[in-house]
Amino acid sequence: MTTPVRVRFAPSPTGKLHIGGARTALFNWAYARRHGGQFLLRIEDTDPERSTKEFEVAILDGLRWLGIDWDEGPDVGGPCGPYRQSEKYPQYRAVARQLVASGHAYYCFCSEERLEQVREQQGARKERQVYDRHCAALSSADAAARVAAGESAVVRFRVPPGETVCVDHIRGDVRFAHEEVDDWVMVRSDGSPTYNFCVVCDDVDMRITHVFRGEEHLVNTPKQVLLYRALAKTPPEFGHLPLMLGTDGKKLSKRTGDTALQDYRDNGYPPAAVLNFLCLQGWALDDRTAIFSIDQLVANFDIADVQKAGAVFDIDKFKWMAGEYLRKETPQQLAEHCAPFVVAAKLATPADLAARWAWFVEVVKTEQPRISIYGELPSRVAYLFQPDEAVAWEAEALEAVRKHPGAVQTLRAYRAWLEPRIANGVDAAALRGAAKGWAQEQGIKLPAFFQPLRLALCGVVHGADLFDVIALLGPRAVLARLEHAAQRLAG
RNA sequence: GGUCCCAUCGUCUAGCCCGGCCUAGGACACCAGGUUUUCAUCCUGGCGACAGGGGUUCAAAUCCCCUUGGGAUCACCA
């Protein structure tokens with residue numbers, strides 16, 4: 001190992017953290033941890049129109065939620081700061097001046113309108129739409145004089161003839177002919193630096209050794225490599241990660257589903273499951289393991305093993321994986337994770353839950369095999385929190401019960417049988433064992449017994465084991481609900 | 001349209017770099033059974049792919065070429 005590995009994740013705080021961005025961060029992080037290097041965070045906020053502090057905070061928060069940590073960044077600082085591009089404008093300006101002085105860049109005075117015109121003409125002739133280098137030939141003295149006189153100008157990079165080979169650990173070397181590379185704008189007329197310019201300045205300043213980012217950046221790479229050369233710096237090695245695709249095969253967008261990491265957090269996906277699933281978008285541990293830990297990722301991750309082709313984001317598999325993680329939790333852990341969702345659904349206050357925490361853990365335990373994400377719990381257990389006389393009845397559940405003419409009598413008979421047997425507490429196992437015998441004695445078929453019972457207690461057609469429900473509800477509520485249901489069905 | 005990237009079951013992928021162990025493995029989904037008071041979990045089984053065509057080779061999913069298909073990108077946005 002020669003120079004220490006330094007990689008970075010450089011989000012733009014112009015929106016919520018994209019799920020694909022989270023994966024990019026994850027792979028960079030894993031690479032750094034695997035190689036004993038550093039992972040840094042940099043905020044690319046050179047678009048003042050769209051960048052906000054709120055998004056920046058949310059992005060950092062999302063990464064922390066996933067368990068991704070960074071060695072240097074805007075919040076923790078570090079030796080190569082600032083880690084926020086908006087705080088580095090003087091540095092960029094100095095570099096731009098240096099490049100203009102050395103002839104690697106030049107002032108361009110073309111107006112928006114002229115540029116548009118040129119593009120139009122090129123389009124009409126079916127030519128490539130690039131800058132026609134109108135200002136490239138201006139003498140530096142002339143240009144300097146016009147700038148000094150206050151004329152509006154941008155700074156463009158002067159692309160030399162030749163070709164550039166970019167080292168890519170995922171795709172192999174990628175070759176670009178310079179005729180295809182535009183004399184791109186480095187500094188806008190208002191003096192602000194552009195993305196391709198800042199990225200290189202910062203990656204140089206931060207001594208970044210490897211740049212792993214989405215494939216959409218592949219075509220930017222020659223521009224950046226050329227800039228490194230103009231600066232007499234060694235370019236980093238690259239790795240362009242396959243895109244995450246929607247079900248339409250296009251770059252994942254809001255059209256085809258949730259794209260923000262926050263959405264999955266809000267829906268109650270366990271963070272470890274999100275991490276694991278993200279790994280699978282482009283990488284695999286081996287030929288048979290889908291579920292693996294972050295430690296296994298770090299121990300085995302290699303950028304060269306990353307898939308080249310785009311990965312369709314499969315929400316079904318994601319949800320399955322969430323369920324796998326959720327089911328591995330202890331009921332206590334699961335209860336803690338579900339509690340905020342129950343509160344958010346207004347089923348109970350935090351104080352309510354705390355007051356009967358052991359009970360809530362039991363509730364969660366019975367639902368554990370039935371939910372995949374925390375957010376699914378509230379609607380499934382809502383009946384436990386409703387008043388006994390006002391349990392909401394699903395149309396489907398009522399319909400099923402209407403098919404059993406003796407339902408009212410069955411409920412009353414069972415209530416009478418049950419009352420003395422739960423007077424001193426509920427023994428779910430014993431009741432469960434006795435249930436079929438009772439139905440048989442009464443000459444009632446099982447569906448004609450269980451369907452009305454479930455309607456009375458839960459109001460829904462599907463749910464947890466009925467005797468667990470009886471235990472959860474407790475004797476008083478069970479008897480009350482049976483009575484209410486009998487009346488309601490009779491009336 | 002130019003440039004660049006990509007191509008294994010419907011989806012995520014293993015295998016490809018270093019041809020033979022591949023009559024291509026696993027997972028999700030789907031289908032069929034089993035367990036069960038419903039649902040879910042769980043268990044068993046099934047369906048299902050090397051885009052097409054050339055070449056190299058004793059041998060190609062694996063190497064080369066072409067075709068086709070898909071995608072990314074072409075801003076004073078990142």
Side-chain angles (χ1 to χ4, degrees), chain A residues 10-15 44-47 49-51 85 108 110 112 115 119 122-123 126-131 152-156 166 168 170-172 174-177 179-182 184-196 198-199 213-222 240 242-243 245 247 249-251 277 280-291 304-305 307-321 323 327 366-372 380 397 400 432 435-436 439 446-447 449-451 453-454 458 460-467:
Chain A
S12 169
T14 53
E44 308 218 324
D45 54 352
T46 52
D47 182 351
E49 298 282 302
R50 298 191 299 145
S51 297
Q85 291 184 330
C108 168
C110 294
E112 208 61 80
L115 258 22
R119 258 181 243 129
Q122 289 169 335
K126 298 228 168 169
E127 287 173 9
R128 292 178 309 117
Q129 297 188 12
V130 293
Y131 179 58
S152 171
V154 301
V155 177
R156 286 184 184 273
C166 305
D168 192 301
I170 296 174
R171 280 151 224 285
V174 185
R175 190 174 292 265
F176 295 90
E179 300 83 73
E180 303 300 334
V181 183
D182 205 356
W184 52 283
V185 172
M186 287 168 37
V187 181
R188 301 185 186 98
S189 49
D190 68 357
S192 64
T194 63
Y195 165 76
N196 283 115
C198 297
V199 164
R213 54 187 3 172
E215 196 196 328
E216 70 268 27
H217 289 288
L218 190 53
V219 293
N220 283 322
T221 311
H240 287 94
L243 257 19
L245 277 19
T247 43
K250 304 255 175 71
K251 198 159 79 163
F277 185 73
L280 254 25
Q281 298 282 288
W283 189 79
L285 181 65
D286 56 31
D287 61 344
R288 53 188 63 254
T289 315
I291 308 281
D305 292 334
Q307 185 94 4
K308 296 200 242 311
V312 175
F313 187 82
D314 182 356
I315 191 72
D316 284 339
K317 189 166 187 175
F318 192 10
K319 210 164 171 193
W320 162 79
M321 182 162 281
R327 257 163 247 123
T366 60
E367 289 295 334
Q368 189 161 19
R370 295 180 173 79
I371 58 174
S372 292
R380 296 191 56 90
R432 189 178 298 121
K436 285 182 196 169
L446 290 181
F449 171 37
F450 288 117
Q451 286 178 6
L453 184 56
R454 189 174 292 283
C458 315
V460 296
V461 58
H462 301 306
D465 176 277
L466 278 171
F467 303 96

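So you know, we letter chains A, B, ... as the sequences are listed, proteins then strands, and number each from 1.
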Sugar-phosphate, base or nothing in reach of A:Val461, heavy atoms under 4.0 Å: base
Separation of B:U73 P from A:Tyr195 OH (nearest whole Å): 12 Å
Earlier contact from the 5' end, RNA chain B, for A:Pro193 and A:Arg432: A:Arg432
Nearest-Å distance for atom pair NZ/P, residues A:Lys308 and B:C4: 17 Å
Sugar-phosphate, base or nothing in reach of A:Thr46, heavy atoms under 4.0 Å: sugar-phosphate
Atom C1', compared across B:U56 and B:G20: separation rounded to whole Å: 16 Å
Assigned partner base of B:C30, Watson-Crick or wobble definition, under 3.5 Å: B:G46
Touch class at under 4.0 angstrom, heavy-atom based, for A:Gln451 against every strand present: nothing
Pair assignment for B:C63, Watson-Crick or G-U wobble, requiring both distances under 3.5 Å: B:G55
Touch class at under 4.0 angstrom, heavy-atom based, for A:Asp182 against every strand present: nothing
Sugar-phosphate, base or nothing in reach of A:Phe318, heavy atoms under 4.0 Å: nothing
Any strand: nucleotide that pairs with B:A40 via Watson-Crick or wobble, under 3.5 Å: none
Non-hydrogen atoms of A:Asp182 and A:Val130 that approach each other most closely: OD1-CB, 3.5 Å
Touch class at under 4.0 angstrom, heavy-atom based, for A:Gln368 against every strand present: nothing
Euclidean distance for C1', B:G15 against B:A27 (whole angstrom): 16 Å
Euclidean distance, atom CG of residue A:Asp287 to atom C1' of B:A61 [Å, nearest integer]: 16 Å
Under 3.5 Å donor-acceptor, A:Ser189 side chain and A:Ser152 backbone: no
Minimum-distance nucleotide to A:Glu180 side chain [options: B:A27, B:C4, B:G2]: B:G2
Selection from B:C12, B:C76, B:A27 that lies nearest to any side-chain heavy atom of A:Ala311: B:C12
Aromatic plane relationship, A:Phe313 with A:Phe277 - under 30° parallel, 30 to 60° tilted, over 60° perpendicular: perpendicular
Distance in angstrom units between A:Lys436 NZ and B:U35 P, rounded: 11 Å
Sugar-phosphate only, base, or nothing, as touched by A:Val154 at under 4.0 Å among non-hydrogen atoms: base
Quiz item: A:Ser189 side-chain donor-acceptor pair to B:C76 base, under 3.5 Å: yes
Least distance between heavy atoms, A:Ile291 atom then A:Met321 atom: CD1-CE, 3.8 Å
Nearest-0.5 Å distance that lies between atom CH2 in A:Trp320 and atom CG in A:Asp314: 11.0 Å
Atom-to-atom span, CG of A:Leu115 to P of B:C74 - whole angstrom: 15 Å
Spacing of A:Tyr131 atom OH relative to B:U3 atom P, expressed in whole Å: 24 Å
Sugar-phosphate only, base, or nothing, as touched by A:Cys110 at under 4.0 Å among non-hydrogen atoms: base
Protein-nucleotide distance (A:Arg50, atom CZ; B:A75, atom C1'), rounded to Å: 12 Å
Nucleotide nearest A:Gln307 (side chain, heavy atoms from C-beta), chosen from B:U3, B:U13, B:U11: B:U13
Sugar-phosphate only, base, or nothing, as touched by A:Arg119 at under 4.0 Å among non-hydrogen atoms: sugar-phosphate
Rounded distance in Å between the C1' positions of B:C4 and B:U8: 24 Å
Check: A:Lys317 side chain, B:C12 base, donor-acceptor under 3.5 Å: yes
Polar side-chain atom of A:Arg454 near backbone of A:Ala464 as donor-acceptor pair, under 3.5 Å: yes
B:A40 versus B:A78 - spacing of their P atoms, nearest Å: 50 Å
Sugar-phosphate, base or nothing in reach of A:Ser12, heavy atoms under 4.0 Å: sugar-phosphate
A:Trp184 versus A:Asn196, closest heavy-atom pair with distance: CZ3-CB, 3.5 Å
Distance, P atom - from B:U35 to B:C28, rounded to whole angstrom: 22 Å
Under 4.0 Å protein heavy-atom contacts per nucleotide of nucleotides 41-50 of chain B, with B for base, S for backbone only and - for none: SS--------
Side-chain H-bond candidate by donor/acceptor type, A:Gln85 with A:Glu44, under 3.5 Å: yes
C1' atoms of B:U67 and B:C31, separation to the nearest Å: 37 Å
Nearest heavy-atom neighbours spanning A:Ala435 and A:Phe450: CB-CZ, 4.2 Å
Nearest atoms (heavy-atom pairs only) where A:Thr46 meets A:Pro193: CB-O, 4.0 Å
Sugar-phosphate, base or nothing in reach of A:Arg171, heavy atoms under 4.0 Å: sugar-phosphate
Length of the NZ-P vector between A:Lys319 and B:U11, whole Å: 22 Å
Interatomic distance at C1', B:A7 relative to B:C47, whole Å: 24 Å
Touch class at under 4.0 angstrom, heavy-atom based, for A:Ala464 against every strand present: base
Strand partner of B:U3, provided both Watson-Crick or wobble distances fall under 3.5 Å: B:A72
Among B:C12, B:A27, B:C39, the nucleotide that comes nearest once only the side chain of A:Leu280 is considered: B:C12
Rounded C1' spacing from B:A14 to B:C9 in Å: 13 Å
Can you pull every protein N or O that's under 3.5 Å from an N or O on nucleotides 64-72 of chain B?
from, atom 1, to, atom 2, distance (Å)
B:A72, OP1, A:Lys251, N, 3.4

Distance-only polar pair, side chains of A:Arg380 and A:Thr366, donor-acceptor under 3.5 Å: no
Under 3.5 Å side-chain donor-acceptor pair for A:Asp190 and A:Ser192: yes
Salt bridge (charged side-chain N to carboxylate O under 4.0 Å, His left out), paired with A:Glu215, selected from A:Lys251, A:Arg171, A:Lys308: A:Arg171
Sugar-phosphate only, base, or nothing, as touched by A:Gly282 at under 4.0 Å among non-hydrogen atoms: sugar-phosphate
CA sep, side-chain torsions, deciding dist, call: A:Cys110, A:Tyr131, side chain to side chain contact (heavy atoms under 4.5 Å, CB included): CA-CA 10 Å; A:Cys110 294; A:Tyr131 179 58; 3.1 Å; yes
A:Asp316, nearest nucleotide to its side chain (from B:C5, B:A29, B:C76): B:A29
